[in-house]
Amino acid sequence: MTMEKITAIKGIKDILPQDTPIWHRVELTARKIFECFGFCEIRVPIMEKTALFQRSIGETTDIVEKEMYTFRDRDDELLTLRPEATASVIRAYIEHNLSASDPVTKLFTFGPMFRRERPQKGRFRQFHQIDVELFGDDKPQSDAEVIFMLMHFLTSAGLNELSLEINSLGCKACRPLFSSAVVDYLKDVDQSLCPDCQRRIKTNPLRVFDCKVESCSSIIAGAPQILNYLCAECEDHFSAVKSCLDDLNLTYSVNPKMVRGLDYYTKTAFEVKSGALGAQNSLAGGGRYDGLVSFLGGPDVPGIGFGIGMERLIACLPPTDKNPYRTDLYIAALGLRAQKIAFGLTQKLRHTGICAAMDYADKSLKSQMKRADRLNSAYTLIFGDKEIEENRAELRNMSTKNQQSLPLDHLLEAVTNILKER
RNA sequence: GUGGGUGUAGCUCAGUUGGUUAGAGUGCCGGGUUGUGGCCCCGGAGGCCGAGGGUUCAAAUCCCUUCACUCACCCCA
């Protein structure tokens, strides 16, 4: 009987050792930059009560309607694996009264998100986001600050050829006027739209704007534009955001057709795309959500934030060719006596923070040298019976090929001194 | 949920009109005089040819079914 091989779940990937150093580097870059802008890390759970996402993301969105991993706990409570981070961060913000200790709260978090979509390039069922949220400031400067930080981070992470698009989605005063104007317009041209768009008129009319079917785009070109329907407050806010971005020398384009898939966005919305990605070319996206905190039962506090797709970001980075790990010293011991000494030495060096390595199999010097090379070892320490008799060991610099003798009875000190000098 | 593409060694892929024991490159292990890595040379291990069924004297190759992966739609990070 052959055992069936158990594989990972569809759309859920392992991050292998050769890739984890890139993830660390990106996360470290994010951490440094965000902290520099005054953001603090928060860690929120990957599961929440289902109602949290239903209320925040919106009952009729695709995410809530058909993409969430929802299940009943043993006590029958409905739980969901988070499809995004904003809802959890807001929940925690409200639950712990973070607004009480500081009127402006700046938070970031990292972690896996879950959406049950059909996987493709740049889209997975478990994917990772870097998420940033700023609460308590409704000024356009905070919009610009957050966007500036996002772009600064992406370029620092090593990305180029990015395009930044911004738009304003209006607020609860002006967006409904725009929505009904769009619906009226679309009703007249209903028959000429693609089937998907005809469906969207009923479900989520604003989504017609990013339909890729050519016949639809030409029809939509003549549709009402949100920017013409903004109320005075939204209008002022949007132009102030643009002027701040100009002051910061950020290049962006205004895309009046950009709508976002989560219901909670208001006013400023933005998205960063990369040409290096394929169909799923959106690297990061976010926007303002001024009514959301109070809608979820918290104080009436404005908010703005964004999410960055880690897998997509890393896909844009140049691939790592060789072993990203390094070793300070490989110890090639020949024979049982030498190996016994080498074992203790290896552990002691590691104890002092030196990355030392050795093999416990009794291998030839040649094969041990090969392994030292493969481990990217800076030095190799070589000794066998002959050296033990003479109370010495050979230290080889792997790049210069220089070798020097060290006293065997003071190996730890001698090796440590040389390695620390580097 | 709907389409298209692809499944052969750890990885990247050849495999002719069906025809001996299924190959290459790379990686791994060993060797190239006795104890020195990268380059080069030689050798070795490693495959139920995704799975199941059918046609045939004969199937990696043809047919059917199924599964997996992948790209795209949809949607989004």
Side-chain angles (χ1 to χ4, degrees), chain A residues 2 4-5 7-11 13 16 18 57 61-67 82-86 110-132 150 154 194-197 199-200 203-204 207 210-213 258-262 270-274 277-286 305-316 322-323 327 330 332-335 338 361 363-387 393-403:
Chain A
T2 52
E4 196 184 332
K5 188 162 60 174
T7 59
I9 302 167
K10 183 199 286 288
K13 303 289 188 189
L16 297 173
Q18 57 180 346
I57 298 170
T61 56
D62 277 14
I63 293 178
V64 170
E65 271 186 347
K66 49 196 184 194
E67 294 175 1
R82 62 180 183 194
E84 54 109 50
T86 303
F110 302 154
M113 310 294 158
F114 305 85
R115 293 182 200 173
R116 199 183 185 291
E117 300 179 271
R118 211 41 193 272
Q120 70 185 74
K121 189 179 177 70
R123 192 174 69 183
F124 310 98
R125 290 186 173 181
Q126 180 183 135
F127 60 100
H128 296 76
Q129 280 191 354
I130 299 176
D131 186 78
V132 169
L150 170 61
L154 291 175
C194 72
D196 275 331
C197 283
R199 174 180 55 78
R200 288 183 182 115
T203 57
N204 201 342
R207 292 229 69 89
D210 46 23
C211 182
K212 285 160 192 151
V213 178
M258 179 179 65
V259 290
R260 302 208 47 83
L262 291 79
F270 52 94
E271 194 166 322
V272 181
K273 292 179 180 172
S274 165
L277 275 175
Q280 306 300 319
N281 62 354
S282 179
L283 261 183
F306 61 79
I308 304 170
M310 274 294 272
E311 284 84 356
R312 290 182 188 178
L313 191 166
I314 285 167
C316 293
K322 51 183 184 194
N323 183 0
T327 302
Y330 181 89
L334 300 159
K363 298 221 181 179
S364 70
L365 180 57
K366 178 172 182 166
S367 96
Q368 294 196 67
M369 291 299 292
K370 277 188 176 176
R371 182 151 171 79
D373 190 49
R374 206 177 327 136
L375 293 174
N376 283 338
S377 192
Y379 289 87
T380 300
L381 187 71
I382 304 163
F383 63 99
D385 288 338
K386 191 170 75 188
E387 286 79 6
E394 290 293 307
L395 184 70
R396 180 181 177 86
N397 181 319
M398 293 298 276
S399 48
T400 66
K401 299 184 178 182
N402 288 336
Q403 276 186 209

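Naming: A, B, ... by sequence-line order, numbering from 1 per chain.
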Select base, sugar-phosphate, or nothing to describe what [X] touches, counting heavy atoms under 4.0 Å on all strands.
{"X": "S367(A)", "value": "sugar-phosphate"}
{"X": "E84(A)", "value": "nothing"}
{"X": "E65(A)", "value": "nothing"}
{"X": "Y330(A)", "value": "nothing"}
{"X": "K370(A)", "value": "sugar-phosphate"}
{"X": "K363(A)", "value": "sugar-phosphate"}
{"X": "A372(A)", "value": "nothing"}

- Does the side chain of R116(A) come within less than 4.5 Å of F114(A)'s, by heavy atoms? no
Measure [atom1]/[X] against [atom2]/[N] and give the value in whole Å, please.
{"X": "K386(A)", "N": "U36(B)", "atom1": "NZ", "atom2": "P", "answer": "10 Å"}
{"X": "R125(A)", "N": "U70(B)", "atom1": "CZ", "atom2": "C1'", "answer": "14 Å"}
{"X": "R312(A)", "N": "C75(B)", "atom1": "CZ", "atom2": "C1'", "answer": "10 Å"}
{"X": "I9(A)", "N": "A68(B)", "atom1": "CD1", "atom2": "P", "answer": "13 Å"}
{"X": "K121(A)", "N": "G5(B)", "atom1": "NZ", "atom2": "C1'", "answer": "15 Å"}
{"X": "D62(A)", "N": "A77(B)", "atom1": "CG", "atom2": "C1'", "answer": "15 Å"}
{"X": "Q368(A)", "N": "C29(B)", "atom1": "CD", "atom2": "P", "answer": "12 Å"}

Nearest-angstrom distance, [atom1] atom, [N] to [M]:
{"N": "U16(B)", "M": "U20(B)", "atom1": "P", "result": "11 Å"}
{"N": "A59(B)", "M": "G15(B)", "atom1": "C1'", "result": "14 Å"}
{"N": "U6(B)", "M": "C64(B)", "atom1": "P", "result": "14 Å"}
{"N": "G30(B)", "M": "G37(B)", "atom1": "C1'", "result": "16 Å"}
{"N": "G25(B)", "M": "C62(B)", "atom1": "C1'", "result": "30 Å"}
{"N": "C42(B)", "M": "G27(B)", "atom1": "P", "result": "15 Å"}
{"N": "G50(B)", "M": "A60(B)", "atom1": "P", "result": "10 Å"}
{"N": "G23(B)", "M": "G43(B)", "atom1": "P", "result": "15 Å"}

I want to verify a distance call: between [options], whose nearest atom is closest to the [X] side chain?
{"X": "R115(A)", "options": "U36(B), G35(B), C76(B)", "value": "C76(B)"}
{"X": "A279(A)", "options": "G31(B), C73(B), G35(B)", "value": "C73(B)"}
{"X": "R118(A)", "options": "G35(B), G37(B), C73(B)", "value": "C73(B)"}
{"X": "Q120(A)", "options": "C76(B), G31(B), C73(B)", "value": "C73(B)"}

- Message: Donor-acceptor pair, distance only, cut-off 3.5 Å: does the side chain of R125(A) make one with the backbone of E117(A)?
- Response: yes
